[in-house]
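In what follows, every chain begins at residue 1, and chains take the letters A, B, ... in the order their sequences are listed. Since we're looking at a predicted model, the values are computed, not measured.
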Protein chains: 2
Amino acid sequence: MQQQDPEPAGETEPVAGAPRRPATIYDVARAAGLATSTVSRTFSNPTRVSARTREHVHAVAEQLGYQPNPLARALPSGRTRTVALIVADITNPHFFGIIRGAEEQVRAAGFTLILGDSKESPELEARHVEQLSRSVDGFLIAASRMADDSIRELASHRLTLINRQVDGYSSAIVDVVDGTRQIVEHLASLGHTSLVYLAGPRRSWLAAQRWHALRTAARALGLTATRLGPFPPTMHGGGAAADAALGSKTTAAVAHNDLLGIGVLRRFAERGVGVPSDISVVGYDDIFGADFCSPPLTTLAGPFEELGRAGVDLLLRARGPERRGPQPQQLVLPAHLVIRGSTGPAPG
Amino acid sequence: MQQQDPEPAGETEPVAGAPRRPATIYDVARAAGLATSTVSRTFSNPTRVSARTREHVHAVAEQLGYQPNPLARALPSGRTRTVALIVADITNPHFFGIIRGAEEQVRAAGFTLILGDSKESPELEARHVEQLSRSVDGFLIAASRMADDSIRELASHRLTLINRQVDGYSSAIVDVVDGTRQIVEHLASLGHTSLVYLAGPRRSWLAAQRWHALRTAARALGLTATRLGPFPPTMHGGGAAADAALGSKTTAAVAHNDLLGIGVLRRFAERGVGVPSDISVVGYDDIFGADFCSPPLTTLAGPFEELGRAGVDLLLRARGPERRGPQPQQLVLPAHLVIRGSTGPAPG
DNA sequence: TTAGGTCGCCCTATTGCGGTA
DNA sequence: GTACCGCAATAGGGCGACCTA
């Protein structure tokens, strides 16, 4: 090891000013005339040290610019005060809210956020988890593409899911069933009697949920529902999705997400199909841009930042005093339909 | 903690199957009949171990499921194999490309990415750096809002800047000067003789560069250039910016970024101002949405993912064998103008 | 007894130096 | 002298056990 320090014949480091080697509890203890353990307790268990001593230690620490080394702290305890967030696709604006919310809450708890992108790959997702397992106190997985069983195989890791539910794990999702019902009621009230679902990735739990909810709600209201796809959940995927929707002769298309929905709108514009005069389009997520595409997209908005924050809370709470097993919580946050120009009365 | 189950008088750990305590070099060393140092070297400095021994160690390690503990590895060596990326505003889609590129490259190098949001605050930025300094091998700061001197005070940390240049530090930026020239030439060729710059945050280095480049290019081509603002670089800020632009009687507005530009377009639409018939609008960044707002936004696109990747490369290369001081590199990547519907011939 | 303080081992890997063929 | 390998110090702090007024 050898700190590189008071060496005159300089090596690696630049300028002056900054202290070479960061102060440790040893330095603080020596300067304060105390044992290192006393210094340690001052920071990690302050009640076990007298007020006088505590202040003294703080003063000396401040003066020396001492800051506990998080690594040294984490090594024996196993607590890294770090959380990993793994998202299915970092380019999808849908995740930005989740990332932002999680980052915020993680910081608020004095933790650090590690970010990983699984690029829609369940394998990469699992690899991420394995590689980070020792460096992290827990995982947050948003829109996991792993199969339920694969998730269970990771059981030994502390894990909270976002927009995915698996028995035995904490999760935070937006209310797909109620949200989807809002979509279908809206379309029904506009006189539509049939709709198509432009499906998302086969491995997406959310896609399955949405389709299921759509079909159920449609039945309840006497509409027919058809599933087309799957399509890649990107703007690019909207081209094929739009054409498929046209082929189906329906009057209303519900896209798996806004990315796909906006892609559909573009394709319709290219082909001269009127929205909503010829066909209505609905999306999910209310992503950035859904309000200024043309026509603006009717979509199901969810509290995604809150989802991120709640995910962190669930994860961190699991370490609480009552660490009696996982006691998983399945949180469901409300969604609400944002009606914009892409939906209108059924033609004819 | 605690899986919910079988342990009778159990303590911490769960189920069957999984090995209780992860294997350490001690376990491997014992099983292989070697010293821990040999095992350690097998993984961290393979050439210093004979091929026979190496294979033996690998075999034993494999069998025991041994994986080096990254924390324990980092403590004595000081190398955490982790990089922190700090962005000025995580909600600005502009950064997504950078984040994605950085994440990709960091992973490719076998490192881990920590993400921080400074919320446009130089103080928070500095705090981030301080708090993470011990946990990270280096920092990537995108669009830093810190003053040059504050950045220099962080000198002891390994640091690479994205979209910001400071003497003595490595950086990767897009070519503002040339890019801005493209904008001005485009406007000049359409017959515009005056333009306004709708300015970004006062503390943004980029905003200063853009204005400077704009003024220089305008002069060279005989256009007048006026700066208005600053405005918050958000869609919301576009309202005031649009009104200010109208007040100036100009025929062309260059917005600090696309977020602001799209906000301007919306406001113009509300007020019945024709774009580009009454006024042309240009943005910077070519963010998600710039191609489907109405009218689609003419904007200066840059290779942002590449910026993220390059930033990581510069940072990691700094640790190379020739660790002769920082030897900073200032990388400048080309920008190109994407012409869309928001710019047209000057009216009249 | 209790509050304040001290000792010394724990965690897991790295690495300089020295020893053995 | 050259390859290999092992000993033991080191990194920095947590924490239980024990000691003193």
Length of the NE2-P vector between A:H56 and C:dG4, whole Å: 16 Å
Contacts of type side chain to side chain donor-acceptor pair (under 3.5 Å), residue A:S144, not counting sequence neighbours: A:E125
Selection residues 69-89 of chain A - residue pairs positive for ring pair (Phe, Tyr, Trp, His ring centres under 6.0 Å), sequence neighbours left out: none
Whole-Å distance separating the CD atom of B:E55 from the P atom of D:dC5: 12 Å
Sugar-phosphate or base contact per nucleotide [nucleotides 13-21 of chain D; S, B, -; heavy atom under 4.0 Å]: BBBBB----
Residue pairs fulfilling side chain to side chain donor-acceptor pair (under 3.5 Å) with at least one residue in residues 56-74 of chain B, sequence neighbours excluded: none
Whole-Å gap separating C1' (C:dA13) and CG (B:L71): 11 Å
Rounded distance in Å - CZ (B:R52) to C1' (D:dA3): 14 Å
Residues A:K119 and A:D89 bridged, charged N to O under 4.0 Å: no
Side-chain donor-acceptor pair present, A:S37, A:S40, cut-off under 3.5 Å: no
Side-chain H-bond candidate by donor/acceptor type, A:S118 with A:S121, under 3.5 Å: no
Length of the CZ-C1' vector between A:R30 and C:dT6, whole Å: 17 Å
Polar side chain donor-acceptor pair, A:Q329 to A:S170, under 3.5 angstrom: no
Axis bend over the full length of the helix from C:dT2-D:dA21 to C:dA21-D:dT2, computed from five pairs that close each end, to 10 degrees: 50°
Contacts of A:T42 that satisfy side chain to side chain donor-acceptor pair (under 3.5 Å) - sequence neighbours left out: none
